[in-house]
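Working notes, structure below.
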Amino acid sequence: MRPGPSSERAVILAVGPRDAAKTAHLIKDAGYHANICSDLTELEREIEGGAGLAIIADEAIINADLQRLRRWLNAQPSWSDFPIVLMSEGGGSERNPEVARLGRELGNVTFIERPFHPTTLVSLVASAVRGRRRQYQTRAILEDLTESEGLLQTALNAGHLGALELHVPEFELEASATCKRFFGRNASEPFTYQELQDAVHPDDRARRSEVVENTLQTGADYRIEYRNIWPDGSQHWLDVRARAVRRPDGSIKSLVGVCSDITARKTAEIEREALLAQLAAERTALAELTATLEQRVEQRTADLMKEVAAREKAQEQLRHAQKMEAIGQLTGGVAHDFNNLLMAVVGNLDLLRKRLPDDPRLRRLVEGALQGAERGASLTQRLLAFARQQDLRAVPVDLGALVRDMSNLLERSLGPRIILRLAIPDGLPPACVDTNQLELAILNLAINARDAMPDGGVIEITLSALQAKNDPSLQPGDYLKLSVVDAGTGMAPDVLKRAVEPFFSSKPLGKGTGLGLSMVHGLAVQLGGALQLASAVGSGTTATLVLPVATAAAESGGPAPATQKVKRSAMILFVDDDPLIAMSTIEMLEDLGHRVIGASSGAQALDILRSNQPLDLMMTDHVMPGMTGLELAAAALKVRPQLPVLLATGYAELPDGVQVDLPRLAKPYHQDQLRERLDQLLGQGADLAADAVLTPSP
């Protein structure tokens with residue numbers, strides 16, 4: 001802003017109006033502007049409004065309060081030093097202490113002693129105005145510099161640039177707030193050149209030092225991109241550019257430049273390079289793929305055919321499993337109903353045999369009927385085994401000892417043309433099996449192997465450990481493999497596929513029931529294992545029973561406890577919904593000398609149990625409508641905890657999650673078997689009842 005007349009005018013404060021007017025007249029005649037102030041307050045207001053200088057008579061302010069004037073003078077900007085001409089009488093500051101005091105308080109003061117020559121006053125005014133003009137010029141220059149600095153800072157901010165200057169040779173660093181931020185520092189924190197060097201990534205330090213040294217030696221522009229590590233450990237990229245500022249003698253005074261954060265650009269470049277590398281690799285792979293496309297198509301086609309074949313095989317296995325499951329359910333139901341019919345037949349024949357007159361012909365007829373019923377019972381047991389519904393007592397068993405103990409029986413059963421070999425290693429863990437059923441299964445497999453070698457040969461029984469992992473027919477875990485191997489005629493694929501189906505047999509008519517392998521298969525699956533068959537025509541057959549390893553030690557064999565024969569007549573509650581079975585069983589119980597109360601349902605039996613009727617034992621069927629025998633037993637033990645309970649069942653159709661520890665009698669049973677079981681229970685009395693519990697599985 002250019003100074004005008006008002007900013008160069010002289011403001012005058014004299015004691016009297018005449019002196020003030022005279023002084024103003026002299027100044028105006030010299031070509032300058034002047035204003036007369038009536039008092040100190042007006043003078044201060046005029047100075048604050050803008051003036052070139054002040055002319056003040058000392059006696060006008062010698063005793064005045066100059067605080068406001070001093071405050072304004074002390075608060076002047078750096079470019080301003082307001083001139084004051086102090087008119088005094090009685091000498092200047094050297095001779096007048098009060099005038100000297102005023103000079104110290106007011107700062108830029110020039111003294112003029114009255115009376116003065118007009119030329120002297122005009123000369124002082126001219127000198128003060130020139131000085132004030134130079135101050136105004138300085139103000140304009142500073143304003144221009146400030147504006148330039150503002151524009152520069154705006155440009156730096158717009159370009160997201162930080163400013164820095166490195167003074168040499170002392171290497172003192174000046175960095176802007178933005179520059180510090182690019183190094184992960186706060187604007188208020190000091191930031192030295194050594195800290196800058198330490199922040200440079202170790203892999204970039206040597207390269208950066210080389211560029212700095214080249215700039216200091218040659219004066220070439222400094223330009224470099226490098227990584228720096230922030231205090232938080234993160235890595236960032238910087239682009240730094242600077243030029244050398246020289247001294248008058250040509251030496252480098254400092255490096256002045258800017259820096260910018262290029263982390264985003266560098267990251268994009270790295271990602272782009274990685275993408276280009278990936279595209280190049282894919283292009284190479286595509287070229288290779290194109291070169292071998294025909295071969296790959298053939299290979300993929302072959303793989304797809306294998307997958308299709310595997311899928312079809314899996315679907316066929318699923319259909320076969322569903323078919324076998326459906327057959328098993330149907331077979332189990334038929335076997336259960338057949339067992340009930342046989343129970344009525346066997347019971348009535350037992351009673352009839354005891355009451356027959358001494359007629360050999362009639363006795364032969366009854367014995368023949370009983371033998372037929374026994375064969376029917378054996379057939380139902382095989383059907384139940386296939387349906388996985390037979391009543392099993394699975395315990396830990398040493399399979400090696402079991403097979404060795406069976407060797408004599410097997411050799412007698414196989415005949416002199418067959419050589420039996422055993423391959424049983426030591427140290428195998430026990431298996432969890434039903435001993436009696438497993439012995440029958442091994443004997444069945446051995447006889448099948450013998451029949452496959454009509455001219456004789458070798459049958460080998462082997463034992464080995466197996467750990468199942470990815471076998472779809474087995475749960476993951478530890479198993480034992482019991483294999484019966486022959487070198488007989490073998491089976492064709494279509495025969496092998498149907499080998500375990502019930503009633504299917506490759507033997508001539510009348511030579512087999514078709515239930516042998518199905519029974520073994522059902523037993524293995526019910527025990528938690530599997531039956532695996534491998535065979536080829538002319539190469540023999542390997543039948544492998546896969547059986548789960550027991551978690552407890554094998555049981556040692558010992559003599560069976562002697563049955564204590566009961567002499568007394570017991571009061572027995574008999575429960576069965578089938579009238580034929582109820583009639584025959586009640587007749588057998590009464591024939592044994594016991595008194596019987598019959599009930600046709602669980603609800604009727606519970607009414608009797610809750611009454612005051614004395615009872616020594618309850619015998620119940622398992623499969624009954626409304627309430628099963630297990631449910632009735634659990635309810636009965638709550639009403640009469642000491643009452644022995646005998647469960648009569650044809651197969652193990654038990655609910656999931658229930659462990660059964662009840663005495664059981666398998667259907668169909670003879671009167672002798674019934675008597676033996678009752679003698680055991682009634683002989684043991686309340687001790688057995690206390691042990692008969694139903695508990696949920698863990």
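Owing to the predicted nature of the structure, the values given are computational and were not obtained by experimental measurement.
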Are a donor atom and an acceptor atom from the side chains of E210 and N214 found within less than 3.5 Å of each other? no

If you draw a 6.0 Å radius around CG in D29, do more than 12 non-hydrogen atoms from other residues or ligands fall strictly inside? yes

Is Q76 reaching over with its side chain to a backbone N or O of F82, donor-acceptor style, under 3.5 angstrom? yes

Would you say the side chains of E113 and S88 form a donor-acceptor pair under 3.5 Å? no

Please determine whether a side-chain nitrogen of the Lys or Arg among R130 and E8 lies less than 4.0 Å from a carboxylate oxygen of the Asp or Glu. no

Reported OG1-to-NZ distance for the pair T542 and K481, which is rounded to 0.5 angstrom: 9.5 Å

Under 3.5 Å, side chain of S483 to main-chain N/O of T544, donor-acceptor pair present? no

One thing to verify: whether R207 and D204 come together as a salt bridge, which I'm taking to mean a side-chain N less than 4.0 angstrom from a carboxylate O. yes

Do you see a donor-acceptor pair shorter than 3.5 Å between the side chains of Q135 and R132? yes

Got a donor-acceptor contact below 3.5 angstrom from the T284 side chain to the A280 backbone? yes

Would you confirm whether D478, through its side chain, and Q467, through its main-chain N or O, come within 3.5 Å as a donor-acceptor pair? no

Might you work through the side-chain hydrogen bond (donor to acceptor under 3.5 Å, both in side chains) test for S188 and N186, ending with a clear yes or no? CA-CA 5 Å; S188 59; N186 294 327; 5.3 Å; no

Going through the checks in order, is the side-chain hydrogen bond (donor to acceptor under 3.5 Å, both in side chains) test met by D39 and T41? CA-CA 6 Å; D39 54 24; T41 300; 4.6 Å; no

T138 side chain to R134 main-chain N or O, any donor-acceptor pair under 3.5 Å? yes

Do the side chain of R247 and the main chain of I252 share a donor and acceptor less than 3.5 angstrom apart? yes

Are the side chain of K266 and the backbone N or O of W237 linked by a donor-acceptor pair below 3.5 Å? no

Please check if any side-chain donor atom of S251 sits under 3.5 Å from a side-chain acceptor atom of D249, or the reverse. yes

E172: partners by side chain to side chain donor-acceptor pair (under 3.5 Å), with sequence neighbours left out: none

Presence of salt bridge, D471 and K469, under 4.0 angstrom: no

Looking only at side-chain N and O atoms, does T23 offer a donor or acceptor that is under 3.5 Å from a partner on H25? no

Walk me through it: do L533 and L531 pass the test side chain to side chain contact (heavy atoms under 4.5 Å, CB included)? CA-CA 7 Å; L533 296 176; L531 173 63; 4.3 Å; yes

Tell me if the CG atom of D426 is crowded by more than 12 foreign heavy atoms within 6.0 Å. no

All heavy atoms of A126 vs all of Y32, minimum pair found to be CB-OH, 3.2 Å

Where do V168 and S254 come nearest, in terms of heavy atoms and distance? CG2-N, 4.1 Å

Do the side chains of R45 and E48 get close enough for a salt bridge, i.e. N-O under 4.0 angstrom? no

Answer yes or no: are there more than 12 heavy-atom neighbours, outside Q475 itself, under 6.0 Å from its atom CD? no

Should E189 and R181 count as an ion pair when the cut-off is N to O under 4.0 Å? no

Please confirm whether the backbone N or O of V256 pairs with a side-chain atom of Y222, one donor and one acceptor, at under 3.5 Å? no

Check step by step if salt bridge (Lys or Arg N to Asp or Glu O under 4.0 Å) holds for R185 and E195. CA-CA 10 Å; R185 269 68 173 183; E195 289 175 327; 5.3 Å; no

Spacing of CD belonging to E174 relative to NE2 belonging to H167, to within rounding of 0.5 Å: 3.5 Å

Closest contact, heavy atoms only, A10 versus I55: CB-CD1, 4.3 Å

Under 3.5 Å, side chain of R71 to main-chain N/O of L66, donor-acceptor pair present? no

Using 0.5 Å steps for rounding, measure from the CG atom of D239 to the OG1 atom of T263. 11.0 Å

Pairing donors with acceptors under 3.5 angstrom, does anything connect the side chains of T215 and R223? no

D81 to N108 - nearest heavy-atom pair and separation: O-ND2, 3.1 Å

For P548 and G529 the tightest heavy-atom approach is CD-N, 4.2 Å

Can you tell me how far apart CD1 (I112) and OG1 (T120) are? Round to the nearest 0.5 Å. 5.5 Å

Find the distance between CZ (R227) and CZ (R208) and round it off to the nearest 0.5 Å. 14.5 Å

Going by the angle between their ring planes, with limits at 30° and 60°, are F191 and F183 parallel, tilted or perpendicular? tilted

Rounded at 0.5 Å granularity, tell me how far CD1 in I12 sits from CG in L43. 10.5 Å

So, for E46 and A51, which heavy atoms are closest and what is the spacing to 0.1 Å? O-CB, 4.3 Å

